[in-house]
Amino acid sequence: MAENTNESNSGENTKSLDFVRSIIAEDNKTGKHESRVHTRFPPEPNGYLHIGHAKSICLNFGIAQEFEGLCNLRFDDTNPVKEEQEYVDSIQEDIRWLGWGWEDRLYFASDYFGQMYDWAAQLIKNGKAYVCDLTAEETREYRGTLTEPGKNSPYRGRGAQENIELFEKMKNGDFPDGTKTLKAKIDMSSPNMNMRDPVMYRILHATHHRTGDKWCIYPMYDWAHGLEDSIEKITHSICTLEFEHHRPLYDWFLDQLEIFHPQQIEFARLNITYTVMSKRKLLELVQQNHVLGWDDPRMPTISGMRRRGFTPASIRDFCKTVGVAKFNSTIDIALLEHCVRKDLNDHAPRVMAVLDPLKVVIENYPEGQTEELEAINNPNDPSAGTRSVPFSKVLYIEKTDYMENAPRKFYRFTEGREVRLRYAYFVTCNEAIKDENGEVVELRCTYDPATKGGDAPDGRKVKGTIHWVSAEHAVDAEVRLYDHLFTKENPDDTEEGENFTANLNPDSLKVLTNCKLEPSLANTEPDFYCQFERTGYFCIDKDSTPENIVFNRTLNLRDTWAKIQKQQKK
RNA sequence: UGGGGUAUAGUGUAAUGGCAGCACGACAGACUCUGAAUCUGUUUGUCUAGGUUCGAAUCCUAGUACCCCAGCCA
């Protein structure tokens with residue numbers, strides 16, 4: 001089932017299961033559905049997948065894997081005016097990238113339109129459905145309100161034969177859009193609005209991305225979805241909470257038809273702080289150019305997170321960690337970031353790169369000399385080996401690694417303080433040279449030749465170790481820094497009359513163009529990712545070219561010093 | 001004020017009548033050639049009020065708060 005997932009836990013073990021898995025384990029035990037487990041992920045191809053979908057994907061494909069069952073990918077393409085092939089393609093790419101597969105079980109609701117039509121005719125013959133001539137507005141009026149019952153449509157009493165004929169004419173395109181619907185005959189006074197004669201088919205003279213102009217009537221979700229599940233012999237139809245009060249209708253259709261009856265189970269959708277999760281809002285961000293596209297690295301879309309450098313394993317880990325329940329919760333984005341850092345920490349090779357360069361001259365280092373120093377690729381993974389990094393008289397370090405009149409707690413460069421250049425030497429700063437504006441532009445330093453490699457033979461210690469890049473050998477690059485897309489935990493927390501976009505973070509993207517990389521980064525693969533030591537995790541952006549190397553910052557490293565500074569400012 | 005749901009630490013999530021646990025966060029310390037990682041410790045919780053019981057997060061009763069539903073969207 002899953003192509004490269006490590007997570008495995010048998011659905012039968014005694015570990016605590018979430019409520020969905022508990023239901024399934026129980027059904028398995030009692031032999032319901034012959035102890036078969038078959039789930040499905042049923043996206044509508046009307047947008048890009050986001051992290052909320054990933055939760056559902058991991059749930060459905062994960063359950064199938066754990067219970068040794070199957071999970072189908074099914075496009076719920078019942079509304080041609082909103083759906084496009086582009087989305088069909090991107091959705092498949094994203095699910096595969098996440099590490100899941102569906103073998104030959106790729107299905108489309110549109111392939112079932114014929115069967116659905118026949119079943120509708122059956123309901124009509126049984127007096128359970130009728131063609132209604134009410135307009136959309138009239139239908140709304142007849143439906144009643146939350147506290148008042150609706151009233152029967154004047155067309156409710158049409159005979160079966162008349163209904164059949166009208167329905168066939170609807171199918172044949174004899175009526176314009178919106179003039180007729182097929183409705184289920186249930187109960188206009190039901191306290192559940194969904195049961196007040198819900199629409200099963202509407203007339204839509206629209207070209208469908210798969211069936212073309214073959215159909216001009218299209219089934220509504222409530223009518224279609226259970227049938228799709230039933231046709232595919234789905235045992236457990238897992239969906240989100242808002243479908244809870246659609247379940248009686250889901251059940252009603254299947255009962256009337258007396259066909260295979262899957263069990264619908266609802267769970268709470270995923271919410272995360274500092275971002276939005278509705279397709280509508282994501283679309284608005286894209287269309288109003290608040291972001292650069294669906295795959296903007298700040299977006300919570302799968303494609304955005306992929307471009308940002310989040311790994312499939314970390315997203316799967318996150319989805320597993322957040323759990324499954326019916327409580328409407330909001331997950332702290334720090335948990336997502338934790339899962340990403342955890343995976344990257346294990347696998348990302350370390351390199352040195354300077355984002356905001358400050359020139360350093362080692363005054364007592366021989367002019368024109370270059371030494372190759374050995375650097376460890378991943379301290380957490382000895383098998384990653386080592387590489388050599390060139391050292392010379394003129395270097396770059398981060399501007400933030402020097403401070404004038406630094407406090408004792410500042411372990412980096414300040415006049416007279418000895419620090420270690422990682423894998424290189426102990427170096428002492430003698431003087432900071434300033435430009436006419438008083439800004440520090442260069443550090444004059446001396447090194448201790450006896451400390452080559454980074455250790456002092458006399459055993460003396462230094463508190464600080466900083467990264468550096470040899471100026472002569474440095475590779476230039478552009479680096480894009482990302483931060484939360486919104487400044488508020490809940491972007492919908494707005495002033496009266498404001499839209500969630502009022503909470504957009506103006507600093508969510510910062511582009512740095514004068515970054516200096518160690519030379520090993522001159523040629524990298526398109527999907528290369530790494531850790532810039534002491535800075536964060538980075539990956540090559542799709543905009544990167546050999547002439548203009550572009551890195552995205554996936555996430556910064558946790559930064560205790562920044563935290564201390566922030567506290568002192570308060 | 002119709003109906004359907006849900007309430008456990010700052011945020012999530014376990015415990016199915018028997019010691020309220022875990023993760024993330026926060027805080028403190030150890031270690032450190034990444035102020036990272038790692039390790040150790042601390043902190044904070046059963047929505048409220050009654051009841052049943054030797055014993056209640058769990059069962060009962062009554063409240064409270066929040067979410068969802070009046071598309072020919074899904």
Side-chain angles (χ1 to χ4, degrees), chain A residues 15-18 22 42-44 46 76 78-79 81-83 132 134-137 139-141 143-150 177-183 189-196 198-204 217-218 220-222 224-225 239-248 266 268 273 279 321-339 341-342 345-346 350 352 375-376 379-380 409-412 420-424 426 453-455 461-467 489 531-537 556-564:
Chain A
K15 263 198 298 188
S16 74
L17 301 174
D18 59 66
S22 298
E44 182 188 14
N46 70 343
D76 203 1
T78 58
N79 186 356
V81 303
K82 288 189 174 178
E83 297 153 7
C132 181
L134 254 26
T135 64
E137 197 181 330
T139 293
R140 195 179 321 125
E141 285 161 9
R143 187 155 36 222
T145 69
L146 292 177
T147 50
E148 300 157 24
D177 287 4
T179 54
K180 282 183 168 52
T181 56
L182 184 73
K183 288 177 178 171
S189 63
S190 171
N192 182 344
M193 303 289 284
N194 297 306
M195 303 299 272
R196 322 242 264 228
V199 174
M200 295 165 63
Y201 277 96
R202 76 281 214 190
I203 300 171
L204 238 40
I217 56 171
Y218 289 91
M220 299 289 290
Y221 170 88
D222 284 312
H225 203 85
C239 62
T240 46
L241 243 35
E242 66 269 28
F243 293 105
E244 208 153 20
H245 35 69
H246 291 244
R247 187 173 0 115
E266 310 86 11
T273 56
K279 277 187 190 174
T321 305
V322 298
V324 184
K326 300 192 78 159
F327 178 64
N328 228 313
S329 63
T330 301
I331 302 318
D332 190 338
I333 197 167
L335 180 61
L336 209 210
E337 295 174 347
H338 163 80
C339 292
R341 287 196 185 100
K342 188 166 76 177
N345 181 49
D346 291 340
R350 316 290 134 121
M352 292 198 285
I376 294 165
N380 298 335
K409 297 269 271 180
F410 186 77
Y411 304 147
R412 289 109 96 144
R420 172 169 36 231
L421 294 181
R422 187 136 159 98
Y423 301 124
F426 283 14
D455 285 304
K461 301 284 184 196
V462 290
K463 193 71 180 159
T465 299
I466 69 173
H467 62 279
E489 276 197 18
Q531 180 195 101
F532 290 177
E533 292 215 41
R534 301 210 304 134
T535 306
Y537 296 100
N556 59 348
L557 252 30
R558 291 189 59 178
D559 189 346
T560 307
W561 173 244
K563 205 180 278 179
I564 292 168

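By convention in this document, chain letters (A, B, ...) are assigned in the order of the sequence lines, proteins followed by strands, and residues within each chain are numbered from 1. These numbers come from a predicted model, not from an experiment.
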Problem - Distance-minimising heavy-atom pair for Met195(A) and Ser190(A) - result: CB-OG, 3.5 Å
Exercise for the section: Quick one: label Arg412(A) by what it contacts on the DNA or RNA (base, sugar-phosphate, nothing), any heavy atom closer than 4.0 Å. Expected result: base
Practice task
Kindly indicate whether the side chain of Thr179(A), heavy atoms from C-beta on, has any atom under 4.5 Å from the side chain of Ile203(A).
Solution key: yes
Practice task
Take Asp222(A) and His246(A) through the side-chain hydrogen bond (donor to acceptor under 3.5 Å, both in side chains) test and state the conclusion after the steps.
Solution key: CA-CA 7 Å; Asp222(A) 284 312; His246(A) 291 244; 2.7 Å; yes
Problem - P atoms of C60(B) and U52(B), separation to the nearest Å - result: 15 Å
Problem - Atom-pair distance (CZ on Arg247(A); C1' on C69(B)), nearest Å - result: 14 Å
Exercise for the section: Would you classify Val462(A) as touching base, sugar-phosphate or nothing, given that sugar-phosphate means primed atoms plus P, OP1 and OP2, and contacts are heavy atoms under 4.0 Å? Expected result: nothing
Exercise for the section: Could you check whether Pro379(A) gets within reach of a base, just the sugar-phosphate, or nothing at all, counting any heavy atom under 4.0 Å? Expected result: base
Fill in the blank from the handout: Rounded to whole Å, the CG-P distance (Leu335(A) to A9(B)) equals 16 Å
Practice task
Determine whether the side chains of Thr240(A) and Glu242(A) contain a donor N or O and an acceptor N or O closer than 3.5 Å.
Solution key: yes
Exercise for the section: Report yes if a side-chain nitrogen or oxygen of Ser16(A) is closer than 4.0 Å to either non-bridging phosphate oxygen (OP1 or OP2) of U13(B); otherwise report no. Expected result: no
Exercise for the section: May I ask you to say what Ser190(A) touches in the nucleic acid, namely base, sugar-phosphate or nothing, with a heavy-atom cut-off under 4.0 Å? Expected result: nothing
Practice task
Name the closest nucleotide to the Leu146(A) side chain, picking from G2(B), U13(B), A37(B).
Solution key: G2(B)
Completion exercise
Rounded to whole Å, CD1 of Ile564(A) lies from C1' of A36(B) at a distance of 14 Å
Practice task
For C39(B) versus C31(B), give the span between their C1' atoms, rounded off to a whole number of Å.
Solution key: 8 Å
Practice task
Scan Lys279(A) against the nucleic acid and name what it touches under 4.0 Å (heavy atoms): base, sugar-phosphate only, or nothing.
Solution key: nothing
Exercise for the section: Flag the pair Lys563(A) / Arg558(A) as yes when at least one side-chain heavy-atom distance between them is below 4.5 Å, and no otherwise. Expected result: yes
Practice task
Grab the CZ-C1' distance between Arg196(A) and A70(B) for me, whole Å please.
Solution key: 7 Å
Completion exercise
By nearest-heavy-atom nucleotide on RNA chain B, the more 5' of Pro191(A) and His338(A) is Pro191(A)
Practice task
Can you tell me the distance, in whole Å, between the CD atom of Glu337(A) and the P atom of G12(B)?
Solution key: 16 Å
Problem - Validation row: Thr535(A), His467(A) side chains within 4.5 angstrom (heavy atoms) - result: yes
Handout entry: Gap in Å between the two C1' atoms, one belonging to U44(B) and one to U53(B), rounded
Key = 30 Å
Handout entry: Mate of G2(B) where both pairing distances stay under 3.5 Å, Watson-Crick or G-U
Key = C69(B)
Practice task
Take Leu204(A) and Asn79(A) through the test side-chain contact (heavy atoms from CB on, under 4.5 Å) and record every step on the way to the result.
Solution key: CA-CA 9 Å; Leu204(A) 238 40; Asn79(A) 186 356; 4.0 Å; yes
Problem - Check: Arg534(A) side chain, G35(B) base, donor-acceptor under 3.5 Å - result: no
Completion exercise
When rounded to whole Å, the NZ to C1' distance for the pair Lys326(A) and U8(B) reads 18 Å
Completion exercise
Ranking A36(B), G2(B), A37(B) by distance to the side chain of Asn345(A), first place goes to A37(B)
Exercise for the section: Tell me what Ser329(A) touches on the nucleic acid: a base, only sugar-phosphate, or nothing, going by heavy atoms under 4.0 Å. Expected result: sugar-phosphate
Practice task
Could you check how far NE2 of His245(A) sits from P of A70(B), rounded to whole Å?
Solution key: 8 Å
Practice task
Measure from the side-chain heavy atoms of Trp561(A) and tell me the nearest of A14(B), G2(B), G35(B).
Solution key: G35(B)
Problem - Nucleotide forming a Watson-Crick or wobble pair with U32(B), both distances under 3.5 Å - result: none
Practice task
Name the orientation of the base relative to the sugar in G63(B): syn if the glycosidic angle is within 90° of 0, else anti.
Solution key: anti
Exercise for the section: Using a heavy-atom cut-off of under 4.0 Å over every strand shown, decide if Arg558(A) touches base, sugar-phosphate, or nothing. Expected result: sugar-phosphate
Handout entry: Nucleotide nearest Thr147(A) when distance is taken to its side chain, options U32(B), U1(B), C24(B)
Key = U1(B)
Practice task
Determine the interatomic distance between P on C47(B) and the same-named atom on G12(B); round to the nearest Å.
Solution key: 14 Å
Handout entry: Under 3.5 Å on both distances, the Watson-Crick or G-U partner of G10(B)
Key = C24(B)
Fill in the blank from the handout: Atom CG of Asp455(A) and atom C1' of U32(B) are separated, to the nearest Å, by 12 Å
Practice task
Mind checking Glu244(A) for me? I need base, sugar-phosphate or nothing, with any heavy atom below 4.0 Å counting as a touch.
Solution key: sugar-phosphate
Handout entry: Sidechain N-carboxylate O distance under 4.0 Å for Arg422(A), Glu533(A)
Key = yes
Problem - Rounded P spacing from A49(B) to A56(B) in Å - result: 15 Å
Could I get a table of every N or O pair under 3.5 Å where one atom is in the protein and the other is in nucleotides 72-74 of chain B?
{"residue": "C72(B)", "atom": "OP1", "partner": "Arg143(A)", "partner atom": "NH2", "Å": "3.3"}
{"residue": "C72(B)", "atom": "OP2", "partner": "Arg143(A)", "partner atom": "NH1", "Å": "3.0"}
{"residue": "C72(B)", "atom": "N3", "partner": "Gly178(A)", "partner atom": "O", "Å": "3.4"}
{"residue": "C72(B)", "atom": "N4", "partner": "Leu134(A)", "partner atom": "O", "Å": "2.7"}
{"residue": "C72(B)", "atom": "N4", "partner": "Ala136(A)", "partner atom": "N", "Å": "3.0"}
{"residue": "C72(B)", "atom": "N4", "partner": "Gly178(A)", "partner atom": "O", "Å": "3.2"}
{"residue": "C73(B)", "atom": "OP2", "partner": "Arg202(A)", "partner atom": "NE", "Å": "3.0"}
{"residue": "C73(B)", "atom": "OP2", "partner": "Arg202(A)", "partner atom": "NH2", "Å": "3.0"}
{"residue": "C73(B)", "atom": "O3'", "partner": "Arg202(A)", "partner atom": "NH2", "Å": "3.1"}
{"residue": "C73(B)", "atom": "O2'", "partner": "Asn79(A)", "partner atom": "ND2", "Å": "3.2"}
{"residue": "A74(B)", "atom": "OP1", "partner": "Thr78(A)", "partner atom": "OG1", "Å": "2.8"}
{"residue": "A74(B)", "atom": "OP1", "partner": "Arg202(A)", "partner atom": "NH1", "Å": "3.3"}
{"residue": "A74(B)", "atom": "OP1", "partner": "Arg202(A)", "partner atom": "NH2", "Å": "2.9"}
{"residue": "A74(B)", "atom": "OP2", "partner": "Tyr221(A)", "partner atom": "N", "Å": "2.9"}
{"residue": "A74(B)", "atom": "O3'", "partner": "Asp76(A)", "partner atom": "OD2", "Å": "2.8"}
{"residue": "A74(B)", "atom": "N6", "partner": "His246(A)", "partner atom": "NE2", "Å": "3.4"}

Practice task
Would you indicate what Gln531(A) reaches in the nucleic acid, counting non-hydrogen atoms under 4.0 angstrom: base, sugar-phosphate, or nothing?
Solution key: base
Practice task
Identify whether any heavy atom of Tyr537(A) sits under 4.0 Å from a base atom; if not, whether one sits that close to sugar-phosphate; answer base, sugar-phosphate or nothing.
Solution key: nothing
Exercise for the section: Output yes when at least one side-chain N/O atom of Lys563(A) is less than 4.0 Å from OP1 or OP2 of C27(B), else no. Expected result: yes
Problem - Complement of G45(B), any strand, by Watson-Crick or G-U distances under 3.5 angstrom - result: none
Exercise for the section: Please state the P separation for the pair G51(B) and G41(B) - nearest whole angstrom. Expected result: 41 Å
Handout entry: Phe327(A) aromatic ring stacked with six-membered ring of A7(B), 5.5 Å and 30°
Key = no
Handout entry: C1' atoms of U16(B) and G25(B), separation to the nearest Å
Key = 30 Å
Practice task
Give the nucleotide from the list C69(B), U6(B), A37(B) with an atom nearest to the side chain of Met193(A).
Solution key: C69(B)
Handout entry: Flag side-chain contact, heavy atom, 4.5 Å: Ile466(A) against Tyr411(A)
Key = no
Practice task
Answer whether the closest heavy-atom distance between the side chains of Thr139(A) and Lys183(A) falls below 4.5 Å.
Solution key: yes
Problem - Min side-chain heavy-atom separation Ile333(A)-Glu489(A) under 4.5 Å - result: no
